[in-house]
Amino acid sequence: MSGHSRKEDEVRRMLDLPHPPVPVDLPARAAARGVRALNRRRTVRLLFWSFVVVVVIVFAVWASVVEPWTVPPSQKTPPLEGW
């Protein structure tokens with residue numbers, strides 16, 4: 001007997017056994033759990049995108065106030081030549 005047929009025989013024996021009883025309220029509990037998971041996922045996604053929008057707005061305000069693209073003023077005066 002090969003390993004493949006032995007596994008098939010084991011599976012057939014397991015399937016021939018009487019199935020365990022399923023609780024009556026199992027579908028309702030599963031649906032409620034799915035709804036909770038969906039709501040949780042939706043809330044996390046909303047919080048993430050809200051955070052991203054706030055970060056972009058804060059960065060835009062900071063960049064408009066600080067203007068990091070401009071050259072800072074020099075700390076020394078240029079030498080006077082040609083007087």
Side-chain angles (χ1 to χ4, degrees):
M1 185 186 265
S2 69
H4 181 67
S5 63
R6 185 178 68 238
K7 289 181 182 179
E8 281 184 12
D9 291 339
E10 288 179 21
V11 170
R12 288 182 199 281
R13 268 185 278 151
M14 287 173 42
L15 292 174
D16 286 341
L17 295 175
H19 300 293
V22 177
V24 177
D25 64 336
L26 183 65
R29 287 189 298 166
R33 186 173 179 182
V35 168
R36 283 194 308 268
L38 184 64
N39 288 340
R40 189 177 309 118
R41 196 173 303 137
R42 188 179 298 138
T43 303
V44 168
R45 192 179 308 130
L46 176 69
L47 289 174
F48 171 75
W49 285 111
S50 299
F51 177 73
V52 168
V53 167
V54 167
V55 166
V56 167
I57 291 172
V58 167
F59 176 76
V61 169
W62 172 81
S64 67
V65 170
V66 175
E67 296 180 357
W69 53 86
T70 59
V71 178
S74 67
Q75 298 297 326
K76 298 180 188 179
T77 58
L80 291 174
E81 296 176 4
W83 267 80

Shortest non-hydrogen contact between P68 and A63, atoms and distance: CD-O, 3.6 Å

Results of side chain to side chain contact (heavy atoms under 4.5 Å, CB included) for R13 - residues two or more places apart only: D9, E10

Residues 38-59 side chain polar contacts: donor-acceptor under 3.5 Å, at least two apart:
residue: N39; atom: OD1; partner: R42; partner atom: NH1; Å: 3.3
residue: N39; atom: ND2; partner: V35; partner atom: O; Å: 3.4
residue: T43; atom: OG1; partner: N39; partner atom: O; Å: 2.8
residue: S50; atom: OG; partner: L46; partner atom: O; Å: 2.8

For V11, the rest of its hydrophobic cluster, which grows through side-chain links under 4.5 angstrom: L15

Less than 3.5 Å apart, which donor and acceptor atoms pair up between the side chains of residues 16-32 and the rest of the protein, not counting sequence neighbours?
none

